[in-house]
Amino acid sequence: DPEERLAAIHALKNLTDEPANLIPMTNTPECFATLMQIAHASDDSITEMMQYLGCDALATLSHWFRSIATSGQRIEAMKTNVTPSKDLFVPTLNIITYEQWE
């Protein structure tokens, strides 16, 4: 039933809005694969709304992953009393080491 599928996708999207759900969703087999399949609309039964929700859920999860990945840079900036740069969330090729040999 298309309405049940849409409701299930809405439930997944709502779960992605809470960062605490990132690890359980990562540990759930086929969760990300299902969202990617919906986002790619590989099946004729997937509507545009379902595809939009799948893409939005993946974008939200990506945001939480990036927030976790860049939190180390914020902590390092606070320890050295340096104002974090405005491009903190912009990827660079700079290497930042943290007490690498201690």
Side-chain angles (χ1 to χ4, degrees):
D1 182 29
E3 289 181 11
E4 289 177 358
R5 290 178 76 187
L6 184 60
I9 296 168
H10 271 286
L12 283 173
K13 170 57 185 114
N14 287 340
L15 287 171
T16 63
D17 289 335
E18 174 58 44
N21 292 328
L22 181 64
I23 292 173
M25 290 184 83
T26 304
N27 291 337
T28 303
E30 303 298 323
C31 182
F32 279 78
T34 300
L35 288 172
M36 288 191 299
Q37 185 177 6
I38 291 167
H40 284 290
S42 58
D43 188 350
D44 290 338
S45 64
I46 296 174
T47 65
E48 287 184 9
M49 176 57 81
M50 292 176 186
Q51 185 178 15
Y52 172 79
L53 290 169
C55 289
D56 195 26
L58 288 170
T60 304
L61 290 168
S62 174
H63 166 76
W64 296 130
F65 276 123
R66 188 172 185 96
S67 294
I68 291 168
T70 57
S71 65
Q73 292 175 340
R74 281 188 299 244
I75 292 168
E76 185 65 25
M78 287 172 50
K79 285 183 178 180
T80 58
N81 291 327
V82 175
T83 304
S85 66
K86 295 190 185 280
D87 63 343
L88 184 62
F89 294 106
V90 178
T92 66
L93 296 176
N94 296 337
I95 298 171
I96 299 174
T97 60
Y98 176 72
E99 298 177 3
Q100 188 171 0
W101 290 281
E102 290 185 19

* To do: May I have all residue pairs that pass salt bridge (charged side-chain N to carboxylate O under 4.0 Å, His left out) and include part of residues 10-21, sequence neighbours excluded?
  => K13-D17, K13-D56
* Partner set under side-chain hydrogen bond (donor to acceptor under 3.5 Å, both in side chains) for T80, not counting sequence neighbours -> none
* Structure fact -> On a heavy-atom basis, the closest approach of A39 and G54 is CB-C, 4.2 Å
* Listed partners of T16 passing side-chain hydrogen bond (donor to acceptor under 3.5 Å, both in side chains), at least two apart -> none
* Partners passing side-chain contact (heavy atoms from CB on, under 4.5 Å) against I38 (at least two apart in sequence or in another chain) -> I9, T34, I46, M50
* Asked: What residue pairs, at least two apart or across chains, pass side-chain hydrogen bond (donor to acceptor under 3.5 Å, both in side chains) with a residue in residues 24-33?
  -> none
* **side-chain contact (heavy atoms from CB on, under 4.5 Å) against H63, all qualifying residues, sequence neighbours excluded** => S67
* Asked: Applying salt bridge (charged side-chain N to carboxylate O under 4.0 Å, His left out), which residue pairs with at least one partner in residues 35-48 are found, sequence neighbours left out?
  -> none
* By side-chain hydrogen bond (donor to acceptor under 3.5 Å, both in side chains) - contacts of D1 (at least two apart) -> none
* Nearest-0.5 Å distance, NE2 of residue H10 to CE of residue M49 -> 5.5 Å
* Sequence-distant partners of Q37, side-chain contact (heavy atoms from CB on, under 4.5 Å), two or more places apart -> S42
* Asked: Apart from L22 itself, what residues make up its hydrophobic cluster, given side-chain heavy atom links below 4.5 Å?
  -> L12, L15, M25, F32, L35, M36, L58, L61, W64, F65, I68
